[in-house]
Protein chains: 2
Amino acid sequence: MTEFEEIKKTLLTIYPFSEEHLKIFTDKLSLKEIKKKDFLLKQNQICNHIAFIIRGSFRLYQKTEQNELTIQFFTEKNWVSDLESLMLKQPSKNYIEANENSKIATISLLDIHNLMEIDSSFSMLNSLIANLTFPTTQISTLKLKSPDKRYEHLLLNNPDWINRFPQMQIASYLGITPETLSRVRARIN
Amino acid sequence: MTEFEEIKKTLLTIYPFSEEHLKIFTDKLSLKEIKKKDFLLKQNQICNHIAFIIRGSFRLYQKTEQNELTIQFFTEKNWVSDLESLMLKQPSKNYIEANENSKIATISLLDIHNLMEIDSSFSMLNSLIANLTFPTTQISTLKLKSPDKRYEHLLLNNPDWINRFPQMQIASYLGITPETLSRVRARIN
DNA sequence: CTCTTCAATTGATTACAATCAAGAAATCAA
DNA sequence: TTGATTTCTTGATTGTAATCAATTGAAGAG
């Protein structure tokens, strides 16, 4: 299972787990195929898994009256979840939708907690969960508001997103209208 | 130590710890007085503690070229820390400054991890850490941009902040200028 | 208590992104 | 492949928050 190797690699960046421990962890994983436009999570569901993206991409967003508000994108070799719902065990405000046909490996929070009881070194999996997303950066870029600056910031930090996700979604992520994004792109390129 | 009672109460909201466990936890706490304008954390320091606010308030902010950008406020009976620096063990981008003379009880992340090794029920302390702040809500309110709406949202959710923190800081938190905030207030009241 | 400094208000002007609208391009379904 | 639907681009206009500026008000130092 070469796909588990990638997962083990990400685990080793947070803690020097033994091969044995890694095996115990990966044994808890379930592989799943998710078709484009299918949901990993819907509003009001309580999120109780985290998923490693083997292939494909996802988008976390909220539905407002007449819009979708994109909070975050996730691509392969990263973990995806709704941290807030997961940790607070609350119904989610968000949708997590596959933007492409994707393959993921999921593990439940319960399993993670059980692993922690088996062996304290698994406590380090917390960092894994905590790593999921720190939107602080997003908050500051939103407030340093110039659309051009925000787009440049994206170009610098997540250049791959730009050709991978529809501009409507990128615009929503940046907190601007699609028209403005189009003009920003014309201006900058 | 009646101040520890408040802390125990917050712990019990996340997990039914025994009185004995609560004692083990509170024994790790150190009490500190922090004067107004003193720092709990400065930029580039690695945050390795979390602090319970017994009395007073704090502000987490970034310094930009010529501005301060307020990310979050914290008041008594809540935990304060820089989640990102804490979990990723990275130099912080932020300052955490006392807005008033304050009294806190701190515990190191190391101590928390040690507790987890002693007894797996302490693994539940993760939720404590995770609880620190979920800025997702902030992101959506920033994008649903009308200053009036943002202020109303604040009035609804954190009315106490409004008379407690300077309007410059509130404005920065809302991502608007002080002038605009002043006008919003005149409009709404 | 007074003086100084910093914060908040109010006004006038400007800049710029949202909105409205229409056409071009790309994506999707049959 | 074709047609239908959605997304993207480009233009013209409008609304609104930022900026600049001046005054009032509050807080802090001595």
Side-chain angles (χ1 to χ4, degrees), chain A residues 35-38 56-57 59 61 63-70 73 97-102 138-155 161-189, chain B residues 35-38 56-57 59 61 63-70 73 97-102 138-155 161-189:
Chain A
K35 289 233 173 70
K36 182 171 179 170
K37 299 207 173 181
D38 276 357
S57 60
R59 180 171 64 108
Y61 64 92
K63 276 205 177 123
T64 67
E65 306 77 67
Q66 52 246 24
N67 272 316
E68 289 178 357
L69 196 150
T70 298
F73 297 107
E97 184 182 325
N99 257 49
E100 305 167 295
N101 294 331
S102 303
Q138 253 191 83
I139 293 173
S140 45
T141 45
L142 279 175
K143 290 187 191 168
L144 305 172
K145 61 214 154 316
S146 139
D148 294 65
K149 290 266 168 57
R150 295 189 213 174
Y151 185 73
E152 280 166 10
H153 189 268
L154 189 70
L155 266 174
W161 290 4
I162 288 163
N163 294 313
R164 192 154 181 189
F165 300 106
Q167 285 179 214
M168 300 184 67
Q169 295 178 12
I170 302 267
S172 165
Y173 173 76
L174 295 175
I176 58 180
T177 60
E179 291 96 325
T180 298
L181 177 57
S182 177
R183 283 185 249 261
V184 168
R185 287 163 60 87
R187 216 174 295 158
I188 285 177
N189 297 329
Chain B
K35 288 232 175 70
K36 182 170 179 172
K37 299 207 175 181
D38 276 357
S57 60
R59 179 170 65 107
Y61 64 92
K63 275 205 178 121
T64 69
E65 307 78 66
Q66 52 245 25
N67 272 316
E68 288 179 355
L69 196 150
T70 298
F73 297 106
E97 184 183 326
N99 257 48
E100 305 168 295
N101 294 331
S102 302
Q138 253 190 84
I139 293 175
S140 45
T141 45
L142 279 174
K143 290 186 191 168
L144 305 173
K145 65 217 151 315
S146 140
D148 294 64
K149 290 266 168 57
R150 294 189 213 174
Y151 184 73
E152 280 165 10
H153 190 267
L154 189 70
L155 265 174
W161 290 4
I162 289 163
N163 294 313
R164 191 152 180 191
F165 300 107
Q167 284 179 213
M168 301 185 67
Q169 295 179 11
I170 301 267
S172 165
Y173 173 77
L174 294 175
I176 58 180
T177 60
E179 292 96 326
T180 298
L181 178 57
S182 176
R183 283 183 248 261
V184 168
R185 287 163 59 86
R187 215 175 297 157
I188 284 177
N189 297 330

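The structure displayed is predicted, hence computed values, not measured ones. Scope of the values below: all heavy atoms of this structure, side chains included, with no hydrogens, waters or symmetry mates. In the text below, chain A, chain B and the rest are named by the order of the sequence lines, each starting its count at 1.
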With rounding to the nearest 0.5 Å, note down the distance linking CD in B:Glu152 to NZ in B:Lys149.
-> 7.0 Å
Any residue of residues 162-174 of chain B with a heavy atom less than 4.0 Å from an atom of DNA chain C | B:Pro166, B:Gln167, B:Met168
Sub-4.5 Å side-chain heavy-atom contact between B:Asp38 and B:Glu97 | no
For the helix from C:dC1-D:dG30 to C:dA30-D:dT1, how many degrees between its two end axes (five pairs per end), to the nearest 10°?
-> 70°
Is the shortest heavy-atom distance from the side chain of A:Tyr173 to the side chain of A:Leu154 under 4.5 Å?
-> yes
Table of protein N/O atoms under 3.5 Å from nucleotides 12-17 of chain D N/O atoms:
none

Flag the pair A:Thr177 / A:Ser172 as yes when at least one side-chain heavy-atom distance between them is below 4.5 Å, and no otherwise.
-> no
CA sep, side-chain torsions, deciding dist, call: B:Gln167, B:Arg185, side-chain contact (heavy atoms from CB on, under 4.5 Å) | CA-CA 10 Å; B:Gln167 284 179 213; B:Arg185 287 163 59 86; 3.2 Å; yes
Residue set satisfying side-chain hydrogen bond (donor to acceptor under 3.5 Å, both in side chains) with A:Asp148, at least two apart, ordered chain then number -> A:Arg187
Is any side-chain nitrogen or oxygen of B:Lys36 closer than 4.0 Å to OP1 or OP2 of D:dG28?
-> yes
In this structure, CZ of A:Phe73 is separated from CG of A:Asn99 (nearest 0.5 Å) by 7.0 Å
Start and end of the DNA chain C segment that chain A contacts, any atom under 4.0 Å from a heavy atom | C:dA17 to C:dC28
Take B:Phe165 and B:Thr70 through the test side-chain contact (heavy atoms from CB on, under 4.5 Å) and record every step on the way to the result.
-> CA-CA 11 Å; B:Phe165 300 107; B:Thr70 298; over 6 Å; no
From CZ of A:Arg185 across to P of D:dC8 the rounded distance in Å is 9 Å
Does the pair B:Tyr151 and B:Ile176 meet the rule for a side-chain contact (heavy atoms from CB on, under 4.5 Å), with working shown?
-> CA-CA 10 Å; B:Tyr151 184 73; B:Ile176 58 180; over 6 Å; no
Separation between CG (B:Leu181) and CD (B:Glu179), nearest 0.5 Å, reads 10.0 Å
Please name the residue in the list B:Lys35, B:Arg164, B:Lys36, B:Lys37 that meets the salt bridge (charged side-chain N to carboxylate O under 4.0 Å, His left out) test with B:Glu100.
-> B:Arg164
Applying side chain to side chain contact (heavy atoms under 4.5 Å, CB included), name anything that partners A:Thr64, two or more places apart in sequence or on another chain.
-> A:Asn67, A:Leu69, B:Leu144
When rounded to the nearest 0.5 Å, the distance separating CZ of B:Arg59 from CD of B:Gln169 is 3.5 Å
In whole angstrom, give the distance that lies between atom CD of A:Glu179 and atom C1' of D:dT10.
-> 10 Å
